[in-house]
Amino acid sequence: MKGTVGELGEFGLIRELTSRLTTTPAVKLGPGDDAAVVAAPDRRVVASTDVLLEGSHFRRDWSTAYDVGRKAAAQNLADIAAMGAVPTALLLGLVVPADLPVTWPTELMDGIRDECQVAGAAVAGGDVVRGDTITVAITALGDLRNHEPVTRSGAQPGDVVAVTGWLGWSAAGHAVLSRGFRSPRAFVEAHRRPEPPYHAGPAAAGLGATAMTDVSDGLVADLGHIAEASGVRIDLRSGDIDIPSQMSDIGQAVGVDPLQWVLSGGEDHAIVATFPPDVKLPARWKVIGGVLNPSALPQVTVDGAPWLHAGWDHFGDDQDAE
């Protein structure tokens, strides 16, 4: 496909984007009308929204449009799963410059569509407008299937803290890309296209998880939200957290303790949850700490001591793109 977005026009672009989509039974009415219609068998809808801005959340010299699409969809669909819900649909708001090649938004849509298929959801609609900076806004929807949502506020002293998914891989990939390299490829790809364990959220709800979140801003930071909402302290055991040998090699090469990536790096979208101590967890879950009564210490500690490296803050200083 040749030409720019401006040459194709708004409605031509919409036709190109929607022609690439697939659907699911949950989407009763998809793109093409004033609004979409999505089934809500539970009579409650779980919703989450997020925005990716070029230069702050992605760089076109690091990631393809397809990568950005996968990442944009994944981080929103992971929020749905982290509530214990099953993703059903996604809405896209897209801002693009008129001189952008048409291939960029169409490849973006391919990535969004494919990530939705992984999660069992579909794109139900959206909007496109002209602007100076590429902006991708996603709203994801989900169904609780007659279960109660698992919030951040239910952790109890005596619970265990367990995680499933990758930790620190995206941050290690970012470090590699920041230094002009493209390998080890597995870590670079983890940064470009996170792979949330979507199935784990609803499964954790079924196992009796008391609190849950996905790791988007860093393990310590995100567990801090659970600790604050629940009024507890959480202590992590660093010796129980797996650090792959290749991550250690990257850390040695760039002069960074890989534990910092694991505890403070975000955008892996692993699922971390608290469970009653008597729950028998499947092998995919790794117990990495426990929930304690609140104390004068910070709400999240590592091996009983404060962890001094902050996680991601969108309004913090010195935050690099991606």
Side-chain angles (χ1 to χ4, degrees), residues 50-79 81-82 104 107-108 110-112 114-115 118-119 134 136 138 163-198 200 213-222 238 241-272 286 288 307 309-314 316 318-322:
D50 212 343
V51 177
L52 280 78
L53 183 68
E54 183 181 10
S56 295
H57 304 106
F58 66 89
R59 287 172 43 171
R60 278 188 274 169
D61 58 330
W62 282 8
S63 300
T64 66
Y66 183 83
D67 292 333
V68 176
R70 295 290 296 260
K71 186 174 187 175
Q75 65 185 45
N76 283 273
L77 296 167
D79 285 335
W104 201 93
E107 290 172 8
L108 173 85
D110 288 344
I112 293 172
D114 289 354
E115 191 63 33
V118 172
I134 297 176
V136 183
I138 299 285
V163 66
T164 183
W166 297 350
L167 290 174
W169 286 60
S170 178
H174 180 274
V176 170
L177 287 165
S178 297
R179 287 157 177 80
F181 298 103
R182 296 295 184 269
S183 62
R185 187 173 180 82
F187 293 90
V188 172
E189 289 304 308
H191 178 71
R192 290 171 171 162
R193 302 181 196 175
E195 297 183 11
Y198 299 116
T213 189
D214 73 310
V215 182
S216 56
D217 297 328
L219 181 63
V220 170
D222 288 314
S238 62
I241 300 175
D242 296 328
I243 298 179
S245 58
Q246 267 197 314
M247 187 184 293
S248 297
D249 293 341
I250 297 171
Q252 186 174 9
V254 301
V256 174
D257 182 351
L259 186 62
Q260 183 173 333
W261 292 330
V262 169
L263 296 179
S264 298
E267 295 194 328
D268 286 308
H269 301 288
I271 300 291
V272 63
K286 174 75 170 177
I288 58 172
W307 178 253
H309 302 282
W312 175 266
D313 179 350
H314 289 279
D318 301 324
Q319 300 286 14
D320 295 330
E322 288 208 4

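Everything numeric in this text was worked out from a predicted model, so none of it was measured.
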So does [Y] get a backbone contact from the side chain of [X], meaning a donor-acceptor N/O pair under 3.5 Å?
X: Arg179; Y: Ala175; answer: yes
X: Asp214; Y: Ala82; answer: no
X: Asp222; Y: Ser216; answer: yes
X: His57; Y: Leu53; answer: yes
X: Asp110; Y: Glu107; answer: no
X: Asp268; Y: Gly168; answer: yes

Minimum heavy-atom separation for [X] and [Y], please, with both atom names.
X: Trp307; Y: Val220; answer: CD1-CG2, 3.8 Å
X: Ala171; Y: Gly265; answer: CB-CA, 3.7 Å
X: Asn76; Y: Ala72; answer: ND2-O, 2.9 Å
X: Ser63; Y: Val68; answer: CB-CG2, 4.1 Å

So, taking the atom named [atom1] in [X] and the one named [atom2] in [Y], what distance separates them when rounded to the nearest 0.5 Å?
X: Ile138; Y: Asp79; atom1: CD1; atom2: CG; answer: 12.0 Å
X: Gln252; Y: Ser245; atom1: CD; atom2: OG; answer: 11.5 Å
X: Leu108; Y: Thr64; atom1: CG; atom2: OG1; answer: 9.5 Å
X: Ile243; Y: Leu259; atom1: CD1; atom2: CG; answer: 5.0 Å
X: His269; Y: Leu77; atom1: NE2; atom2: CG; answer: 10.5 Å
X: Asp114; Y: Tyr66; atom1: CG; atom2: OH; answer: 3.5 Å

| Step-by-step side-chain contact (heavy atoms from CB on, under 4.5 Å) determination, Met247 to Val262 | CA-CA 10 Å; Met247 187 184 293; Val262 169; 3.8 Å; yes
Partner residues of [X] under the side-chain contact (heavy atoms from CB on, under 4.5 Å) criterion, sequence neighbours left out:
X: Ala74; answer: Glu115, Pro194, Pro196, Tyr198
X: Asp249; answer: none
X: Val176; answer: Phe181, Pro184, Val188, Ile250

| task | Report yes if the side chains of Phe58 and Lys71 come closer than 4.5 Å at any heavy-atom pair, otherwise no. | result |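 A side-chain contact under 4.5 Å is absent here.
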| request: Check the pair Arg70 / Val118 against side-chain contact (heavy atoms from CB on, under 4.5 Å), numbers first and verdict last. | output: CA-CA 10 Å; Arg70 295 290 296 260; Val118 172; 4.0 Å; yes
| request: Give the ring-plane orientation class for Trp62 versus His191, where under 30° counts as parallel, over 60° as perpendicular and anything between as tilted. | output: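 Answer is perpendicular, since the angle exceeds 60°.
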| field | Stepwise side-chain contact (heavy atoms from CB on, under 4.5 Å) check, Leu263 with Ile241 | value | CA-CA 9 Å; Leu263 296 179; Ile241 300 175; 3.7 Å; yes
